[in-house]
Every structure is written in structure tokens, then in C-alpha cells.
There are 2 protein chains.
Amino acid sequence: MTLSEEDYIKTIYHLAKGEGHSITTNAIADQMETKPSSVTDMLKKLSDKNLVNYKKYKGVSLTEKGAITALSIVRKHRLWEVFLVDKLDFAWDEVHEVAEQLEHIKSDKLIDKLDNYLGNPRVDPHGDPIPTKEGAFKKSVKKLISELPVGCQGVCVGVNDSSAAFLKFLDKNRISLGDTLTILEKEDFDGSVSIAINEKEMRISDQIASNLFLEVLENK
Amino acid sequence: MTLSEEDYIKTIYHLAKGEGHSITTNAIADQMETKPSSVTDMLKKLSDKNLVNYKKYKGVSLTEKGAITALSIVRKHRLWEVFLVDKLDFAWDEVHEVAEQLEHIKSDKLIDKLDNYLGNPRVDPHGDPIPTKEGAFKKSVKKLISELPVGCQGVCVGVNDSSAAFLKFLDKNRISLGDTLTILEKEDFDGSVSIAINEKEMRISDQIASNLFLEVLENK
DNA sequence: ACAAATATTTAGTTTTGTCTAAATTTATTT
DNA sequence: AAATAAATTTAGACAAAACTAAATATTTGT
Ligand SMILES: [Mn+2]
Ligand SMILES: [Mn+2]
Ligand SMILES: [Mn+2]
Ligand SMILES: [Mn+2]
């Protein structure tokens with residue numbers, strides 16, 4: 001597998017949110033900041049290698065083999081992120097670019113030993129679960145703030161958009177993973193949400209609410 | 001710089017043993033297990049980028065810029081080797097292939113933090129010196145056993161040939177970096193050398209003697 | 001149902017890095 | 001000083017991964 005093939009497989013996996021449903025050519029192109037025609041070329045190649053199910057004009061999904069591959073790359077990406085934050089003292093909003101490179105290093109032995117060295121972590125610095133070597137996954141019950149009703153209380157466990165801009169915003173507003181958050185009110189007009197966090201009340205935009213994951217404790 | 005360009009620069013650096021003298025096209029091709037014509041193509045490109053001095057048919061050497069680049073790659077390679085051995089518990093003869101990949105990860109911040117995390121080591125697991133960020137180099141006074149006279153005593157600090165085969169041979173014969181070794185006798189006929197190491201005497205072939213570096217303590 | 005808009009694929013190029021085969025230059029013999 | 005051998009370069013081809021522009025398929029709006 002080339003680096004580029006791996007990035008495509010991972011992107012398809014993420015766009016399908018781990019489920020097997022069909023993804024469009026343009027969605028992949030948008031996500032990877034490339035052209036749809038380039039995506040088509042690659043989908044043919046991945047299909048020849050039995051990594052994806054691809055039917056012209058009908059979208060694409062991962063095969064069993066493709067899903068296993070995706071999980072192994074995700075595993076490596078997230079383990080390296082833990083290494084960068086826990087051992088090298090990177091901030092959680094600085095690790096993505098480097099992990100994007102490190103995830104492509106080829107050595108089973110390396111990743112086994114790294115996993116062990118880090119104490120077999122179950123989640124990465126963004127609260128996302130780390131698949132086991134066998135591809136097993138702690139199915140997390142997390143949901144976006146925008147998807148939850150008023151009254152819900154939960155723990156911030158992850159982000160949807162992990163762009164540096166968004167992560168910086170969270171830092172600036174003293175929102176960290178592990179913080180407990182309560183949804184106080186929702187505004188239909190603009191989708192903004194009023195929340196309680198760290199003993200304070202604040203209002204966040206729909207853009208924020210639809211990019212911050214909560215592990216729900218109570219949901220009535 | 002592409003991964004391939006980096007590997008060429010590093011190979012030229014190693015073939016010149018850190019000195020600036022001229023290297024032949026075939027020597028590079030042999031070392032990299034590629035064809036001379038491919039080397040010629042790459043030398044033209046590196047010359048266009050001012051990384052090497054190249055004159056048709058006359059060999060190639062690194063420019064100042066090329067040497068700085070080479071040292072930065074060597075630095076990364078050796079720091080990663082220390083990480084693999086010290087932190088992840090790799091054996092010293094298992095690290096090369098992985099370090100060959102890791103040396104190409106692009107992030108100044110990463111390598112600074114890694115250096116710091118490892119305690120700013122001065123040598124890698126093979127006893128080779130690690131250049132500083134500024135490209136400075138503790139010029140080591142090490143020499144091959146084959147180059148030293150009878151009576152010399154020194155510490156094993158490195159290998160010339162770091163092939164897995166050679167490293168395995170050393171392990172099997174209980175020769176490790178850090179061991180003190182004395183040269184007892186040299187046989188003109190076949191270049192074999194009689195040595196004392198770890199309270200034992202043994203005879204090593206010229207092939208071994210010309211691939212094991214000693215940091216000389218006494219040289220009379 | 002049909003026209004217009006949108007999504008996707010195809011065709012033809014480009015860049016990078018490799019290769020083989022042929023041509024050329026340099027080195028070594030006789 | 002030729003003749004031969006070895007080293008090196010050139011020419012032409014190919015695969016991977018990207019692009020632009022054009023063609024085709026699908027979806028949407030009326
Ligand atoms: Mn990547
Ligand atoms: Mn992450
Ligand atoms: Mn390398
Ligand atoms: Mn080394």
C-alpha cells in the first residue's frame with residue numbers, strides 16, 4: 001500500500017463514520033482537497049485491489065479488507081497522537097499534522113511496542129477510541145451537542161472538526177476534554193446553544209455545537 | 001525535499017564519510033541498489049537545487065547546503081534509533097529499517113522534542129555520533145580494528161557494515177557496544193586478528209576486524 | 001416528463017522516479 | 001597509440017499520482 005492509497009482508505013472510513021454506507025466521489029475530493037477526477041482514478045485502483053466496492057456513478061464503500069486496513073491506519077494515527085502528547089509534551093491541537101505522517105510508517109513490531117510503551121491507551125488526545133490490533137473498537141456512545149436535547153449533561157470527549165482553528169478556539173474558551181458540560185437552552189433561530197461548563201454559563205454557535213462531542217451521562 | 005532526494009543526499013554523505021570528496025555514479029547505484037542511469041537523473045536534479053556539485057563523468061560531492069541537509073537527516077535517523085532501543089526496547093540490530101522510514105518525517109518541533117525527551121544523546125545505538133541541531137559533530141577518534149596495531153586497547157563503539165547479518169554475528173559472539181577489547185596479535189597471511197574481550201581470547205577474521213570500530217584509549 | 005444543474009467519468013498531460021538499451025566518455029591494456 | 005574494457009550518460013518507456021478540459025450520467029425543479 002502506498003501512502004496515498006492509505007490516505008484515501010482512511011478518508012473513506014471517516015466519511016462513512018465507521019459504518020459501511022456509500023460515499024460520493026465529491027465528498028472524498030472535498031475532504032482530501034483534491035479533484036474529483038483524481039478520486040475516480042484512485043477508486044478504480046483501490047477497487048482492483050479489493051479494498052473498496054466501487055460502481056461507476058454509484059459511490060464507494062470499504063470492503064472487509066478495506067475496513068481492516070482503515071482500522072490499522074487509524075490505530076497507528078491515534079497511538080502516535082498519544083505518544084506526541086503524553087511523552088513529547090505536544091499540545092493536543094498540534095499533533096494532527098505529524099501523526100498524519102507517522103501513521104504511514106510500516107512496522108508491525110513498532111506499533112505493538114509503541115502501544116505497550118504508552119500503556120495500551122483506549123482513547124487518543126481528542127477522545128477518539130483507539131482500535132485494538134485485531135481491529136476491535138470500543139463503540140463510543142458519544143454525540144454532538146447539536147444532536148442532544150436541552151437538559152443533557154455529559155463529558156467532552158472529542159471533536160468532529162479537528163482543524164487547528166477549532167482546537168485553538170476551544171483552548172481560548174477554556175474548554176478541554178474531560179470537562180463536564182450541561183445543555184441549558186437551544187435557540188431554534190440560529191442553532192446556538194447555551195451551556196454550563198466549569199461553573200460558568202456561555203453561549204456557543206451552531207458551528208461549535210455541531211463539532212464538539214459529548215459522552216452522554218444522562219439523556220432524558 | 002522528497003523522500004528519494006533525501007536518501008540520495010544521505011548516501012552521498014555516507015560514501016564520502018562526512019568528507020567532501022568526490023563520489024562516483026556507480027558507487028551510489030551500488031549502495032542504493034538502483035541503476036546508474038537513475039542516479040545520473042537524480043544527480044542532475046540535486047545539482048539544479050544546489051545540493052551537490054556535479055560535473056558529467058567527473059563524480060559528485062555535496063555542497064554546503066547539501067551537507068547541512070545530510071547532517072539533519074543523519075541526526076533524525078540516529079535519534080530515532082536511540083528512541084527505538086532505549087524506549088521501545090528494540091535490539092540494536094533491528095532498528096535500521098524503521099529508522100530509515102522515520103528519518104523522513106517532517107517536523108522540526110518533533111525532532112527537538114524527541115532529542116530533549118531522550119536526554120540529548122551524543123551517540124546512537126551503533127556508537128555513531130549524533131549531530132546537533134546546528135549540524136555540529138563530535139568528531140570521533142574511532143578506528144577500525146584492522147587499522148590499529150597490536151597492543152591497542154579500546155572500546156567497541158560502532159560498526160562499519162550495519163547489515164543484519166553482521167550485527168547478528170556480533171550478538172552470537174557476545175560482542176556488544178561498550179565492551180573493552182585488546183588487540184593481541186595480527187596475522188599477516190589472512191589479516192585475522194587475535195583479541196581479548198570479556199575475559200576471553202578469540203580470533204576474528206579480517207572481514208570482522210575491518211568492520212568493527214574501536215574508540216582507542218591507548219595507542220602506542 | 002423535460003430542461004437545467006450538478007456530479008462523475010474519460011481523455012489527454014504533467015511530474016517524479018524508475019527502468020532498459022544504446023551511445024558516449026574515460027580508463028586500462030597491449 | 002590503438003584497441004578494448006569499464007563507467008557514465010542519453011534516449012525512450014513506464015507506473016504512480018496528480019491536474020485540466022471535455023464528455024456523459026444523474027438528479028432536481030418546474
Ligand atoms: Mn496520512
Ligand atoms: Mn485524533
Ligand atoms: Mn530513508
Ligand atoms: Mn545507527
Side-chain angles (χ1 to χ4, degrees), chain A residues 1-16 21-62 65-66 69-70 73 97 100-101 103-106, chain B residues 1-16 21-62 65-66 69-70 73 97 100-101 103-106:
Chain A
M1 286 269 288
T2 67
L3 187 148
S4 193
E5 287 171 352
E6 289 186 348
D7 279 340
Y8 273 96
I9 290 291
K10 202 183 60 163
T11 298
I12 294 167
Y13 174 85
H14 279 136
L15 287 172
H21 53 79
S22 196
I23 301 301
T24 67
T25 300
N26 274 12
I28 298 168
D30 281 359
Q31 179 71 31
M32 299 189 68
E33 297 186 318
T34 184
K35 301 294 168 181
S37 54
S38 307
V39 175
T40 300
D41 286 347
M42 181 57 85
L43 293 184
K44 287 177 187 168
K45 201 205 304 186
L46 295 175
S47 183
D48 288 347
K49 296 191 174 185
N50 280 307
L51 291 162
V52 301
N53 305 116
Y54 170 61
K55 278 272 180 52
K56 265 195 201 180
Y57 295 103
K58 297 302 178 188
V60 69
S61 63
L62 294 179
K65 187 179 163 194
T69 305
I73 303 164
E97 194 193 347
E100 200 59 44
Q101 298 178 61
E103 71 190 356
H104 302 288
I105 301 291
K106 264 124 197 119
Chain B
M1 286 268 290
T2 67
L3 186 148
S4 193
E5 287 171 351
E6 289 186 348
D7 279 340
Y8 274 95
I9 290 290
K10 202 183 61 162
T11 297
I12 295 167
Y13 174 85
H14 280 136
L15 287 172
H21 53 78
S22 196
I23 300 302
T24 68
T25 300
N26 275 13
I28 298 169
D30 280 0
Q31 180 70 31
M32 299 189 68
E33 296 185 318
T34 183
K35 301 294 169 184
S37 55
S38 306
V39 175
T40 300
D41 287 346
M42 181 57 85
L43 293 184
K44 287 176 187 166
K45 203 205 302 185
L46 294 176
S47 184
D48 289 346
K49 295 191 175 186
N50 281 308
L51 291 162
V52 300
N53 305 116
Y54 171 61
K55 278 272 178 52
K56 265 195 202 180
Y57 295 102
K58 297 301 179 190
V60 70
S61 62
L62 293 179
K65 188 178 162 195
T69 304
I73 302 164
E97 194 193 347
E100 201 58 44
Q101 298 178 59
E103 71 190 356
H104 302 289
I105 301 292
K106 264 124 197 119

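Note that the structure is a prediction, hence the values are computed from the model and not measured. Here is how names work: the chains are called A, B, and so on, in the same order as the sequence lines, proteins then strands, and each is numbered from 1.
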Response to the item:
So, with a heavy-atom separation below 4.0 Å from DNA chain C, the residues of residues 22-34 of chain A are A:T24, A:T25, A:N26
Discussion item. How would you summarise protein contacts on nucleotides 20-28 of chain C per nucleotide, using B for base, S for sugar-phosphate only and - for none, with heavy-atom distances below 4.0 Å?
Written reply: B---BSS--
Using a 3.5 Å cut-off and no angle test, enumerate the donor-acceptor pairs between side-chain atoms of residues 34-41 of chain B and protein atoms at least two apart in sequence or in another chain.
residue : atom : partner : partner atom : Å
B:T40   : OG1  : B:P36   : O            : 3.2

Discussion item. As a test of reading the structure: which of D:dA16, D:dT9, C:dC19 is closest to the side chain of B:D41, going by heavy atoms?
Written reply: C:dC19
Fill in: Between C:dT15 (P) and B:M42 (CE): distance, integer Å
16 Å
Discussion item. Measuring only between side-chain heavy atoms, which start at C-beta, is B:D7 closer than 4.5 Å to B:E103?
Written reply: yes
Worksheet item: Think A:Y8 has a side-chain N or O under 4.0 angstrom from the OP1 or OP2 of D:dA16?
Response: no
Worksheet entry | Nearest-angstrom distance from the residue atom CG of A:L43 to P of C:dA7 | 16 Å
Tabulated below should be each protein N or O lying under 3.5 Å from an N or O of nucleotides 1-4 of chain D; please produce it.
none

Practice prompt. Go through the structure and list residues passing salt bridge (charged side-chain N to carboxylate O under 4.0 Å, His left out) with A:K65, not counting sequence neighbours.
Written response: none
Response to the item:
side-chain contact (heavy atoms from CB on, under 4.5 Å) filter on A:E97, not counting sequence neighbours, yields none
Discussion item. Please enumerate all residues that pass side-chain contact (heavy atoms from CB on, under 4.5 Å) together with B:E6, with sequence neighbours excluded.
Written reply: B:M1, B:I73, B:H104, B:K106
Worksheet item: Is A:T69 close to A:L62 at the side-chain level, that is, under 4.5 Å between some pair of heavy atoms?
Response: no
Worksheet item: Atom CG of A:L3 to atom P of D:dA15: distance rounded to whole Å?
Response: 21 Å
Anything under 3.5 Å between a protein N or O and an N or O of nucleotides 2-5 of chain C, put it in a table, one pair a line.
none

Output a table of donor-acceptor pairs, distance under 3.5 Å, between side-chain atoms of residues 23-31 of chain A and any protein atom two or more places apart or on a different chain; print 'none' if there are none.
residue : atom : partner : partner atom : Å
A:T24   : OG1  : A:A27   : N            : 3.2

Worksheet, complete the sentence: dist B:M32:CE -> B:L15:CG (nearest 0.5 Å) comes out at 9.5 Å
Worksheet, complete the sentence: Atom NZ of A:K55 and atom C1' of D:dT26 are separated, to the nearest Å, by 16 Å
Could you pull out every donor-acceptor pair under 3.5 Å between side chains of residues 49-61 of chain A and any protein atom, sequence neighbours left out?
residue : atom : partner : partner atom : Å
A:K49   : NZ   : A:E5    : OE1          : 3.1
A:K49   : NZ   : A:E5    : OE2          : 2.8
A:N53   : OD1  : A:S61   : OG           : 3.3

Worksheet item: Which part of the nucleic acid, if any, lies within reach of A:T40 when heavy atoms closer than 4.0 Å are counted: base, sugar-phosphate only, or nothing?
Response: base
